[in-house]
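Protein chains get the first letters and strands the later ones, always in sequence-line order, with residue 1 at the start of each.
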Protein chains: 2
Amino acid sequence: MTNRVRRTMPILPISIVMQLTDLTARQIRYYEEQKLISPARTEGNKRMFSLNDVDALLEIKDYLEQGLNVAGIRKLYESKEMPQNDQAEPKTLSDAELRSLLREEMKHQARPFSQASQRHGDLSRFFK
Amino acid sequence: MTNRVRRTMPILPISIVMQLTDLTARQIRYYEEQKLISPARTEGNKRMFSLNDVDALLEIKDYLEQGLNVAGIRKLYESKEMPQNDQAEPKTLSDAELRSLLREEMKHQARPFSQASQRHGDLSRFFK
DNA sequence: AACGGATGTTAGATTTTCTGACATGATTTT
DNA sequence: AAAATCATGTCAGAAAATCTAACATCCGTT
């Protein structure tokens with residue numbers, strides 16, 4: 001529980017997140033606009049990122065490099081973060097959607113995404 | 001070594017350090033002026049703090065509350081940090097190199113750290 | 001009472017970040 | 001091939017965060 005607090009506490013300004021992820025501010029803001037992340041804001045409206053946010057960004061970056069597009073990543077997250085809500089199905093991907101995702105995958109000869117999503121996402125290794 | 005990198009990497013703006021330590025900006029700047037800490041600076045001259053810096057501030061706060069004054073704390077540190085191995089941080093690493101190093105480590109599933117820090121600041125309250 | 005140490009407060013300058021708009025190269029769709 | 005879409009670059013103007021420097025204040029000591 002305390003752990004969750006630690007990793008979700010917003011402590012990093014965008015400049016540092018840029019360094020940590022090698023993403024531009026433009027990219028980070030775009031991913032937020034596309035609902036892939038939801039960084040906190042200061043009273044003055046500045047974005048402030050948690051360790052979890054950085055993990056997510058690294059994962060997003062990874063997916064993009066493997067050929068997925070933002071929409072696909074969003075779908076992944078939507079279906080992944082459903083286990084909470086056991087109402088009906090975790091919103092299954094339509095055939096068309098799935099085909100689109102898979103086509104992207106094959107094009108870039110990427111591994112199945114079950115792997116990538118597990119590899120990254122542990123920035124806490126940076127810190128003690 | 002990597003552990004040292006993690007804890008010395010400047011990632012926190014003063015506003016966050018204020019929250020983490022319950023110190024005012026004035027206090028933090030004063031302690032720097034008095035050579036108790038040496039936070040990094042951005043290109044634009046903004047202070048950027050490491051986890052070690054925060055630990056140090058918590059320790060300083062503790063000492064002050066116990067009745068020591070700044071001069072006394074400085075003396076303490078001067079005699080404590082005499083040990084020869086204090087050139088452990090090769091100042092030759094560029095920021096880019098550091099970041100790349102850290103990212104590499106992350107990809108390769110770095111193992112947990114072991115080394116105990118000399119300081120006993122309780123930042124670990126916040127981070128794993 | 002005067003002094004020095006630690007902190008508060010304020011002002012003006014500079015840096016950082018923000019949003020919004022438009023530009024661009026690469027694909028995909030029509 | 002033209003048009004549309006995606007992800008990102010870039011720029012401008014505004015607002016927020018931070019900086020230094022100076023002066024003020026509170027509180028123990030001398």
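Using a 4.0 Å cut-off on heavy atoms, the residues of residues 23-39 of chain A that approach DNA chain D are A/Thr24, A/Arg26, A/Gln27, A/Tyr30, A/Tyr31, listed by number. Contacts between residues 41-49 of chain A and DNA chain D, defined by a heavy-atom separation under 4.0 Å, are made by A/Thr42, A/Gly44, A/Lys46. Remark: B/Asn69, B/Val70 in residues 66-73 of chain B come within less than 4.0 Å of DNA chain C through at least one heavy atom.
Every side chain to side chain contact (heavy atoms under 4.5 Å, CB included) that A/Pro10 has, sequence neighbours left out, goes to A/Ala40, A/Met48. Taking B/Gln66 as the reference, B/Asp62 meet the side chain to side chain contact (heavy atoms under 4.5 Å, CB included) condition, with sequence neighbours excluded. Considering only residues two or more places apart in sequence or on other chains, A/Glu33 meets the side chain to side chain donor-acceptor pair (under 3.5 Å) condition with none of them. Taking B/Lys61 as the reference, B/Asp22, B/Leu23, B/Glu65 meet the side chain to side chain contact (heavy atoms under 4.5 Å, CB included) condition, with sequence neighbours excluded. Listed by chain and number, the residues in a side chain to side chain donor-acceptor pair (under 3.5 Å) with B/Arg26 amount to none (sequence neighbours excluded). Remark: B/Lys75 pairs with B/Glu78 by the salt bridge (charged side-chain N to carboxylate O under 4.0 Å, His left out) rule, at least two apart or across chains. In this view, A/Arg29 satisfies the side chain to side chain donor-acceptor pair (under 3.5 Å) rule with no residue, not counting sequence neighbours. A/Thr42 meets the side chain to side chain donor-acceptor pair (under 3.5 Å) test with no other residue; sequence neighbours excluded.
Side-chain atoms of B/Gln27 and B/Met18, non-hydrogen and from C-beta on, never get closer than 4.5 Å to each other.
Atom CE of B/Met18 and atom C1' of D/dC19 are 14 Å apart (whole Å). Following rounding to the nearest Å, A/Asp22 (CG) and D/dT8 (P) show an atom-to-atom distance of 13 Å. Rounded to an integer number of Å, the gap from CD of A/Glu65 to P of D/dT8 is 10 Å.
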- Task: Tell me, with the steps shown, if B/Ile60 and B/Tyr77 meet side-chain contact (heavy atoms from CB on, under 4.5 Å).
- Result: CA-CA 10 Å; B/Ile60 290 166; B/Tyr77 287 174; 3.7 Å; yes

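Separating the CG atom in B/Asn52 from the CZ atom in B/Arg7 is a distance of 5.0 Å, to the nearest 0.5 Å. Summarising the geometry, atom CG belonging to A/Leu64 is positioned 4.0 Å from atom CD1 belonging to A/Ile73; distances are rounded to the nearest 0.5 Å.
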What does the list of N/O pairs under 3.5 Å between the protein and nucleotides 27-30 of chain D look like, with a distance for each?
none

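Between the side chain of A/Arg74 and the backbone N or O of A/Gln34 there is at least one donor-acceptor pair closer than 3.5 Å.
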